[in-house]
Amino acid sequence: MSSDFIREIVTADNASGKHGGRVATRFPPEPNGYLHIGHAKAMCLNFGVARDFSGTCNLRFDDTNPVKEDVEYVESILEDVTWLGFKWDHDAPLYASDYFEWLYERAVELIGKGLAYVDSLTADEMREYRGTLTAPGKNSPYRDRSVDENLDLFRRMRAGEFPDGAQVLRAKIDMASPNINMRDPVLYRIRHAHHHRTGDAWCIYPMYDYAHPLSDALEKITHSLCTLEYEAHRPLYDWLIAHATVPASPQQIEFARLNLTYTVMSKRKLLQLVNEKHVSGWDDPRMPTISGLRRRGFTPEAIRRFCDEIGVAKRENVIDVGLLEFCVREDLNKRAPRAMAVLRPLKIVLENYPEGQSEAMEVVNHPDDPSAGTRKVPFSREIYIERDDFLEDPPKKFFRLAPGREVRLRNAYLVTCREAVKNAAGEITELRCTYDPATRGGDAPDGRKVKATLHWVSAAHAVDAEVRLYDRLFSVENPGAGDADFLAQMNPHSLERVAGAKVEPSLAARPAGDRVQFERLGYFAVDKDSTAARPVFNRTVTLKDSYQVRG
RNA sequence: UGGGACGUCGUUCAACGGUAGGACAGCAGACUCUGACUCUGCUUAUUGGGGUUCGAAUCCCUGCGUCCCAGCCA
């Protein structure tokens with residue numbers, strides 16, 4: 001079992017009997033956007049801790065801000081959590097909005113205890129009264145309203161007697177606190193807005209700082225794991241747990257969120273990319289969203305493995321996106337069947353191969369997994385190879401095809417290049433080659449070695465396909481750093497559509513989401529835009545390539 | 001300049017007073033019908049300065065650096 005400082009705390013708490021040996025966590029997304037790889041880290045932690053300690057983990061939507069939330073997001077989150085392989089406790093997911101009535105009663109309780117009051121300051125005035133980081137705030141003139149008056153005002157807030165922003169409910173703590181979050185934080189605000197679950201039942205909505213600790217307590221969460229930016233909110237979290245009547249005392253523990261090189265992770269920026277159409281949607285394969293990674297061809301296992309590798313700590317971190325790529329490669333190498341596809345075709349004519357003849361080569365589907373079986377791949381007189389695999393005037397370390405040179409066509413024959421045919425513009429249009437009939441299957445009976453093995457597709461049998469090559473969405477390591485405009489730092493080459501790819505027949509009519517390795521090129525996944533007549537493949541990730549001379 | 005947190009190979013996680021270790025990346029080699037995979041080897045780190053101790057990444061003091069907080073967002 002992987003360990004980290006949080007699991008150490010849980011272990012210690014279990015040893016001391018702090019929560020009666022019980023472990024309960026929760027994953028609390030706000031349905032205001034799609035989940036991304038950073039959420040995957042949080043899920044692996046929360047569901048993982050629950051699993052490791054035989055505890056429970058709730059999925060709870062933190063749906064306390066109706067103006068930003070939507071059922072579309074709820075549905076996508078449910079799908080992503082499930083796809084990643086996590087199962088929440090309770091049959092149905094939980095919603096903070098289901099607790100609105102109870103939360104309201106807790107607010108009434110706090111008012112009754114003289115610990116909360118209705119403030120009539122405007123937002124601007126409140127900001128002034130709050131003071132600054134270095135100067136204390138001052139009390140609102142409404143701070144000392146009587147309990148009865150506060151109760152009446154709060155009831156009328158709920159009843160809809162005031163417009164948005166006219167009143168707020170505030171905790172009465174300390175306007176001089178060095179922690180700004182403790183300077184009478186807002187607990188409830190008025191929003192005459194339609195909520196995606198409660199409809200128009202409410203026009204006051206609890207703030208995160210109020211709803212979160214109380215919801216945790218209601219669900220008897222033992223360890224409330226959240227990211228570092230909530231550290232300064234913990235005193236308020238504890239204050240609410242201490243002063244409201246709640247059935248449990250959860251403990252908030254903060255860890256560092258995930259950052260990835262060459263990507264943005266903030267929901268605000270991801271939303272902007274989608275809204276302004278810089279990407280095709282939340283599930284654009286270049287997005288760090290779970291749905292984007294899924295469409296790109298990532299597996300849940302690869303993502304979970306990645307989360308294991310990066311660990312959990314309190315120090316701010318920026319993970320090399322190369323580690324994510326390593327994790328998919330490693331997983332896909334084991335499970336993806338192999339096939340041949342030519343992205344940029346260059347025709348070869350085998351002069352000594354009989355015209356009109358073809359044969360079916362028996363090819364293994366996975367070199368390391370015999371159970372994957374074999375398939376027949378058609379071979380004929382005219383075939384396509386990759387344009388990159390031929391050079392008329394090859395440099396020193398170029399092992400592939402060149403005039404007069406012999407290479408192997410994978411699983412087929414050894415062929416020798418006799419001539420490069422050019423058009424009037426001097427461009428190579430096709431290669432004239434000969435094959436050695438004695439090398440069927442790719443083995444030379446005389447034991448001679450060739451340095452290169454090329455992938456190929458029979459021209460007559462090839463299926464036309466579109467292949468989408470993805471690269472990092474941003475061209476700088478830390479987009480938006482400093483005063484930089486992250487949009488200006490987008491990589492103009494993050495998507496390259498290859499329209500004229502030729503793929504072997506077995507690659508036609510594969511279901512969307514199917515993953516395959518195109519030999520020597522990389523891992524690809526069938527896109528949802530794919531049709532039987534015209535398959536579309538997304539490149540998940542390239543194969544590692546130690547040939548560096550290409551430039 | 002108030003408060004809170006964090007500083008260990010290029011990146012990241014570990015070492016919990018007793019040999020600074022792993023992963024990724026990088027480099028070199030072996031193998032190979034994928035320049036993939038696999039295998040072998042190598043390079044590189046404790047934020048500075050004091051102190052405590054037989055012994056400090058770890059404890060104490062003091063600098064320095066980075067991040068978070070002044071939403072009726074989460």
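A note on names: the letters A, B, ... follow the listed sequences, proteins ahead of strands, and every chain is numbered from 1.
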Without decimals, in angstroms, what is the distance between [X] [atom1] and [N] [atom2]?
X: F399(A); N: G35(B); atom1: CZ; atom2: P; result: 10 Å
X: N317(A); N: A5(B); atom1: CG; atom2: P; result: 19 Å
X: H195(A); N: C73(B); atom1: NE2; atom2: C1'; result: 14 Å
X: K451(A); N: C31(B); atom1: NZ; atom2: C1'; result: 11 Å
X: F255(A); N: C6(B); atom1: CZ; atom2: P; result: 15 Å
X: K397(A); N: A28(B); atom1: NZ; atom2: P; result: 9 Å
X: Y205(A); N: C72(B); atom1: OH; atom2: P; result: 18 Å
X: D216(A); N: A74(B); atom1: CG; atom2: C1'; result: 13 Å

So do the side chains of K314(A) and E231(A) get within less than 4.5 Å of each other, counting heavy atoms only?
->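 Yes; the side chains approach each other to less than 4.5 Å.
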
Is any side-chain heavy atom of Y129(A) less than 4.5 Å from a side-chain heavy atom of L121(A)?
->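 In short, these two side chains touch, coming nearer than 4.5 Å.
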
Atom CZ of R257(A) with >12 non-hydrogen neighbours under 6.0 angstrom | no

Determine, using ring centers only, whether [Y] and [X] are less than 6.0 Å apart.
X: Y230(A); Y: Y208(A); result: yes
X: Y188(A); Y: Y210(A); result: yes
X: Y73(A); Y: H196(A); result: no
X: F537(A); Y: F524(A); result: no

Pick base, sugar-phosphate or nothing for [X], based on heavy-atom distances below 4.0 Å to the nucleic acid.
X: V450(A); result: nothing
X: R234(A); result: nothing
X: P235(A); result: nothing
X: D209(A); result: nothing
X: M126(A); result: base
X: L121(A); result: base
X: S177(A); result: nothing
X: V318(A); result: sugar-phosphate
X: D62(A); result: sugar-phosphate
X: V168(A); result: base

Listed pairs, N/O of protein and of nucleotides 64-70 of chain B, under 3.5 Å:
from, atom 1, to, atom 2, distance (Å)
C67(B), O2', E316(A), OE2, 2.6
A70(B), O2', R130(A), NE, 3.2

State the dot-bracket string of RNA chain B. Criteria: Watson-Crick or G-U wobble, both atom distances under 3.5 angstrom; notation: ( ) intrastrand, [ ] crossing earlier pairs, | interstrand, . unpaired.
-> .((((((..((((....[..)))).(((((.......)))))....(((((..]....))))))))))).....

Let's see if you can work this out: which of [options] has an atom nearest to the side-chain heavy atoms of [X]?
X: K544(A); options: G26(B), A5(B), G71(B); result: G26(B)
X: Q517(A); options: C6(B), A74(B), U34(B); result: U34(B)
X: S546(A); options: G71(B), A5(B), A36(B); result: A36(B)
X: A313(A); options: C13(B), G35(B), C72(B); result: C13(B)
X: R191(A); options: A74(B), C72(B), A23(B); result: C72(B)

Gap in Å between the two [atom1] atoms, one belonging to [N] and one to [M], rounded:
N: U66(B); M: U32(B); atom1: C1'; result: 47 Å
N: C13(B); M: G7(B); atom1: P; result: 9 Å
N: C37(B); M: A25(B); atom1: P; result: 9 Å
N: U52(B); M: C61(B); atom1: P; result: 15 Å
N: U11(B); M: C73(B); atom1: C1'; result: 32 Å
N: A74(B); M: C39(B); atom1: P; result: 49 Å
N: G55(B); M: U19(B); atom1: P; result: 15 Å
N: G10(B); M: A45(B); atom1: C1'; result: 10 Å

OP1, OP2 of [N] versus side-chain N and O of [X]: anything below 4.0 Å?
X: R329(A); N: C24(B); result: no
X: R520(A); N: G35(B); result: yes
X: T134(A); N: G3(B); result: no
X: R189(A); N: C73(B); result: yes

Any side-chain donor paired with an acceptor under 3.5 Å for Y237(A) and D216(A)?
->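 The answer is yes; a qualifying pair exists.
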
Judged by modelled atom types alone, do E254(A) and Q252(A) share a side-chain donor-acceptor pair under 3.5 Å?
->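 There is such a pair (donor and acceptor under 3.5 Å, judged by atom type) between the side chains of E254(A) and Q252(A).
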
N-O pairing of R26(A) and E219(A) below 4.0 Å = no

Is any NZ, NE, NH1 or NH2 atom of the basic residue among R305(A) and D308(A) found under 4.0 Å from an Asp or Glu carboxylate oxygen of the other?
-> no

Pick the nucleotide of RNA chain B nearest each of D4(A) and D164(A); which residue has the one closer to the 5' end?
->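 Nearest nucleotide further toward 5': that of D4(A).
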
Name the residue closer to the 5' end of RNA chain B, choosing between F326(A) and D124(A) according to the nucleotide with the nearest heavy atom.
-> F326(A)

Kindly label the base of G71(B) as syn or anti, based on whether its glycosidic torsion lies within 90° of 0.
-> syn

Mark yes or no: R472(A) above the aromatic ring of Y262(A), with NZ or CZ under 6.0 Å from the six-membered ring centre and no more than 45 degrees from the axis.
-> yes

Please report the shortest heavy-atom distance between S140(A) and Y117(A), naming the atom on each side.
-> CB-OH, 4.3 Å

